[in-house]
Amino acid sequence: MSQFNMYIHGGIIDLKGITNELWQFSQETLAWQKLQNRSDRSPYLCYHSALVHQDAVWIHGGTSPSGVSSDTWQLSLETLKWKRVHSVCPAPALYSHTANKVAMGIDRHMVVMGGKTRTDWNYSVWLFNFDIYTWATVDMVSSDI
């Protein structure tokens, strides 16, 4: 596995609908490669967020064939096997949101911001702790600038 790869998971393929395909783009060779799923199950999602953390692709939320998802998934880039991450705290059911990775001291987090719930636009910020698999909301103070 190279540190110069980009990964694309899921989405919508024309008339086929929501997919669980996984693609890798190598910045070294400038070529795309479809990766074979080695799990019994993998998420069919679109409008989800994704990032790479410690040799794994982490995805959250999105829209599945059954509706808006609150699931968090981890794909090992070594084995290409997916696992659903079970959090102690409930995760937000969102789609069309964004996710970034941040470090605060020794802890590493995925920050999920904005997006849409089943019924409305969402402006909250959530933190997922990679080490202890917990979600927490971040209190945001609004001000006029």
Side-chain angles (χ1 to χ4, degrees), residues 1-27 30 32-35 37 39-145:
M1 180 187 69
S2 167
Q3 65 180 343
F4 301 109
N5 292 331
M6 177 176 68
Y7 299 90
I8 303 286
H9 168 266
I12 299 174
I13 299 179
D14 299 327
L15 300 175
K16 293 180 185 178
I18 298 174
T19 183
N20 68 343
E21 289 183 2
L22 179 67
W23 288 81
Q24 175 188 61
F25 179 77
S26 169
Q27 293 182 31
L30 301 179
W32 284 98
Q33 174 186 2
K34 184 178 177 183
L35 302 178
N37 178 21
S39 297
D40 293 337
R41 63 183 205 165
S42 63
Y44 283 77
L45 290 170
C46 60
Y47 306 113
H48 55 287
S49 60
L51 56 82
V52 174
H53 173 68
Q54 293 182 342
D55 297 332
V57 173
W58 292 76
I59 61 175
H60 177 72
T63 302
S64 71
S66 59
V68 180
S69 174
S70 63
D71 293 343
T72 303
W73 290 82
Q74 178 189 30
L75 170 72
S76 166
L77 292 173
E78 293 175 13
T79 64
L80 293 181
K81 290 187 177 181
W82 287 99
K83 76 172 183 178
R84 185 169 172 239
V85 176
H86 296 282
S87 174
V88 201
C89 308
L94 298 171
Y95 68 99
S96 295
H97 55 286
T98 187
N100 294 285
K101 183 170 65 170
V102 296
M104 294 181 286
I106 61 168
D107 293 329
R108 305 291 180 258
H109 294 84
M110 172 169 49
V111 179
V112 171
M113 298 171 282
K116 194 159 184 182
T117 64
R118 289 176 177 88
T119 58
D120 207 358
W121 285 102
N122 171 53
Y123 302 100
S124 62
V125 177
W126 290 79
L127 285 178
F128 177 78
N129 186 309
F130 289 113
D131 298 323
I132 57 175
Y133 293 1
T134 57
W135 283 98
T137 57
V138 176
D139 291 329
M140 301 299 292
V141 178
S142 63
S143 64
D144 295 329
I145 299 178

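The figures here come from the full heavy-atom set of this structure, side chains too, leaving out hydrogens, waters and symmetry mates.
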List the steps and the verdict of side-chain contact (heavy atoms from CB on, under 4.5 Å) for N37 and W82.
-> CA-CA 8 Å; N37 178 21; W82 287 99; 3.5 Å; yes
Can you find a pair of side-chain heavy atoms, one from V111 and one from V125, that are under 4.5 Å apart?
-> yes
Atom CG in D55, atom CD in E78: separation rounded to 0.5 Å?
-> 5.0 Å
Gap separating the NZ atom of K81 from the CG atom of L75, nearest 0.5 angstrom = 11.5 Å
Heavy-atom side-chain contact between I12 and Y47 under 4.5 Å = yes
Are more than 12 heavy atoms from other residues, nucleotides or ligands located less than 6.0 Å from atom OH of Y95?
-> yes
Taking the side chain as C-beta and beyond, is there a heavy-atom pair between S49 and T98 under 4.5 Å?
-> no
Check whether any side-chain heavy atom of F25 lies under 4.5 Å from a side-chain heavy atom of W23, and answer yes or no.
-> no
Atom pair CD/CG of Q54 and D131 - distance to nearest 0.5 Å = 7.0 Å
Is a side-chain donor-acceptor pair under 3.5 Å present for N20 with S42?
-> yes
Looking at T134, L127, V138, which one forms a side-chain contact (heavy atoms from CB on, under 4.5 Å) with H109?
-> L127
Determine the interplanar angle of the H60 and H97 rings, folded into 0 to 90°, and report it as parallel if under 30°, tilted if 30 to 60°, perpendicular if over 60°.
-> perpendicular
Distance-minimising heavy-atom pair for G61 and H48 = O-CB, 3.3 Å
Before giving the answer on ring-ring contact (aromatic ring centres under 6.0 Å, His included), spell out for H9 and W58 the whole-Å C-alpha distance, their side-chain angles and the decisive distance to 0.1 Å.
-> CA-CA 10 Å; H9 168 266; W58 292 76; over 10 Å; no
Report yes if the side chains of I18 and P65 come closer than 4.5 Å at any heavy-atom pair, otherwise no.
-> yes
Determine yes or no for a side-chain-to-main-chain donor-acceptor pair under 3.5 angstrom, with K101 supplying the side chain and V52 the backbone.
-> yes
Closest non-hydrogen contact found for V68 with A93 is CG1-C, 3.6 Å
Rounding to 0.5 Å, atoms OG (S64) and CG (L45) come to a distance of 6.0 Å
Test side-chain contact (heavy atoms from CB on, under 4.5 Å) applied to W135 and S87, step by step = CA-CA 7 Å; W135 283 98; S87 174; 3.4 Å; yes
Heavy atoms of A91 and S70 approach each other most closely as CB-O, 3.4 Å
Pairwise distance CG(L94) to CZ(R118) - rounded to 0.5 angstrom | 9.5 Å
Counting only heavy atoms not in Y133, do more than 12 fall under 6.0 Å of its OH?
-> yes
In sequence, state the C-alpha distance, the side-chain angles, and the governing distance for W73 and R41, and then conclude on side-chain contact (heavy atoms from CB on, under 4.5 Å).
-> CA-CA 11 Å; W73 290 82; R41 63 183 205 165; 3.8 Å; yes
Would you check, one step at a time, whether the test side-chain contact (heavy atoms from CB on, under 4.5 Å) holds for V57 with I59?
-> CA-CA 7 Å; V57 173; I59 61 175; 4.0 Å; yes
Which pair of heavy atoms, one from N5 and one from S26, lies closest together, and at what distance?
-> OD1-CA, 3.4 Å
Do L35 and E21 come close enough that some side-chain heavy atom pair is under 4.5 Å?
-> no
Is the backbone of N129 close enough, under 3.5 Å, to the side chain of R108 for a donor and an acceptor to pair up by distance?
-> no
Using a 4.5 Å cut-off on heavy atoms from C-beta on, say whether the side chain of L22 contacts that of L80.
-> yes
Please answer whether the main-chain N or O of G114 pairs with a side-chain N or O of N122 as donor and acceptor at a distance below 3.5 Å.
-> yes
Gap separating the CG atom of L77 from the CD atom of Q24, nearest 0.5 angstrom | 8.0 Å
